[in-house]
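First comes the structure, then the notes that go with it.
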Protein chains: 2
Amino acid sequence: MEPDLVLDKVFELADRVGDLMHSTLKERGLTPARAGALLALHKAGRALRQRELGDVLRCTPRHVTALVDVLEAQGWAGRSAHPTDRRATLVALTDRGAEAAAQMAAERQDAARTMFGDLTEEERDGFLAVARRALHGMATLSEDRATSS
Amino acid sequence: MEPDLVLDKVFELADRVGDLMHSTLKERGLTPARAGALLALHKAGRALRQRELGDVLRCTPRHVTALVDVLEAQGWAGRSAHPTDRRATLVALTDRGAEAAAQMAAERQDAARTMFGDLTEEERDGFLAVARRALHGMATLSEDRATSS
DNA sequence: GTACATGGTGTGTCTTGCTCACGGTGTACT
DNA sequence: AGTACACCGTGAGCAAGACACACCATGTAC
């Protein structure tokens, strides 16, 4: 069994989950990026500056503006002025947005339980250990590339 | 340890590998989709109809046209008439494309070895077993959604 | 030989994501 | 004070990935 095929499985797993999520989102009228923004706000549990949102989502401030534009137009979230910093804009979920985000988070957890809920503790630990070592190997690879450039 | 967090790790792993691949591709002047097409042709080992390429890449025929347009313009691949079916167009790698594809495949294998190469057979089997069960659970979920719609 | 299926493409749209430049605002240091 | 600088969001413009619909040329089956 080549390491190659293990990597294939990881991608297959991520792809399938991604596909499923994508299709459930479409029913809600949400795209992956917009849903990500809602979930980020949900997880934060408070209003975020657009800048903060961009940091969490790992995208540029410019893109956050566009994202929030749509979320606001469709009633998922709203902008408000920052109380003390007049440069900043706060983004908060509307009731509708909060409900959708909570539901999506719950669905994600259900899916995770369906996939990994019936594992023994041993199996889970073994799986995570392998994943962690792989991530560490990856990090090493990335650093090598960074220093050699 | 919640199943939730296991899913997070899978995504993290896939994301990191994806990021690394993306950056190596950019140095070559390739985008993910175009590189995918080259690798698909490489793996097939023969010229493919555009339709076949679309099936492998899981995208629409229209998108294949656009993809091949660019690959052809940039000298990675070339079109030729199908010898017997005059509707069909065959896509084949140029020498340059074949070389790049082979190199990318080798790099991918190297990365996989860095991540999973030092596992014992037991660890690898355990990991794969978990992944397979998760995939199976996913499939069940997807079917449920399909029948209930 | 007619009806239908298949293969590729023109046109148009949407989403994600980037850069660059800019105006308004905070902050720190003279 | 005032000046320099950093930070926040946004206007404008662009590239990539991907979809649907309509269309024409070609194969195929009846």
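Computed from a predicted model, the values in this text were never measured in an experiment. Sequence lines set the chain letters: A, B, ... in the order given, protein chains first and strands last, and positions in each chain run from 1.
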Quiz item: Between K26(B) (NZ) and dA15(D) (P), how many Å, whole number?
Solution: 15 Å

Quiz prompt | Length of the CG-P vector between D19(B) and dG17(C), whole Å | solution = 12 Å

Quiz prompt | R28(A) CZ - dT15(C) C1' separation (whole Å) | solution = 19 Å

Quiz item: With nearest nucleotides of DNA chain C determined for T60(A) and T89(B) from heavy-atom distances, which residue corresponds to the more 5′ nucleotide?
Solution: T89(B)

Quiz item: Roughly how many Å is it from CZ in R49(B) to P in dA5(C), rounded to a whole number?
Solution: 18 Å

Quiz item: Tell me: CZ of R58(B) to P of dC19(D), nearest whole Å?
Solution: 10 Å

Practice problem: Flag the pair D19(B) and R58(A) as a salt bridge only when some basic side-chain nitrogen lies within less than 4.0 angstrom of an acidic carboxylate oxygen. | Solution: yes

Quiz item: Apart from L53(B) itself, which Ile, Leu, Val, Met, Phe, Trp or Tyr residues share its cluster (side-chain heavy atoms under 4.5 Å, direct or through members)?
Solution: L25(B), L30(B), L38(B), L39(B), L41(B), L48(B), L57(B), V64(B), L67(B), V68(B), L71(B), W76(B), V91(B), L93(B), M104(B)

Quiz item: Can you tell me how far C1' of dG7(C) sits from CZ of R79(B), to the nearest Å?
Solution: 12 Å

Self-check item: Atom pair distance, as rounded to whole Å: CZ in R87(B) and C1' in dC23(D)
Solution: 15 Å

Quiz item: Counting only N and O atoms by type, is there a donor-acceptor contact under 3.5 Å from the side chain of E52(B) to the main-chain atoms of R49(B)?
Solution: yes

Quiz item: What nucleotide among dG9(D), dC18(C), dG26(C) has an atom nearest to a side-chain atom of D85(A)?
Solution: dG26(C)

Quiz prompt | Polar pair under 3.5 Å, donor/acceptor by atom type, side chain R62(A), base dG17(C) | solution = no

Quiz prompt | hbond_proxy R51(A) side chain to dC8(D) base (donor-acceptor, 3.5 Å cutoff) | solution = no

Quiz item: Tell me: NE2 of H63(B) to P of dT15(C), nearest whole Å?
Solution: 17 Å

Quiz item: Thinking salt bridges, do R113(A) and D118(A) make one under a 4.0 Å N-O criterion?
Solution: no

Practice problem: Measure from the side chain of T31(B), starting at C-beta and using heavy atoms only, and say which of dG26(C), dG17(D), dT16(C) lies closest. | Solution: dG17(D)

Quiz item: Got more than 12 heavy atoms from elsewhere within 6.0 Å of NE2, H22(A)?
Solution: no

Self-check item: Any donor-acceptor N/O pair under 3.5 Å between dG27(D) base and R86(B) side chain
Solution: no

Quiz item: Considering only dG11(D), dA16(D), dT25(C), which nucleotide approaches the side chain of R34(B) most closely?
Solution: dA16(D)

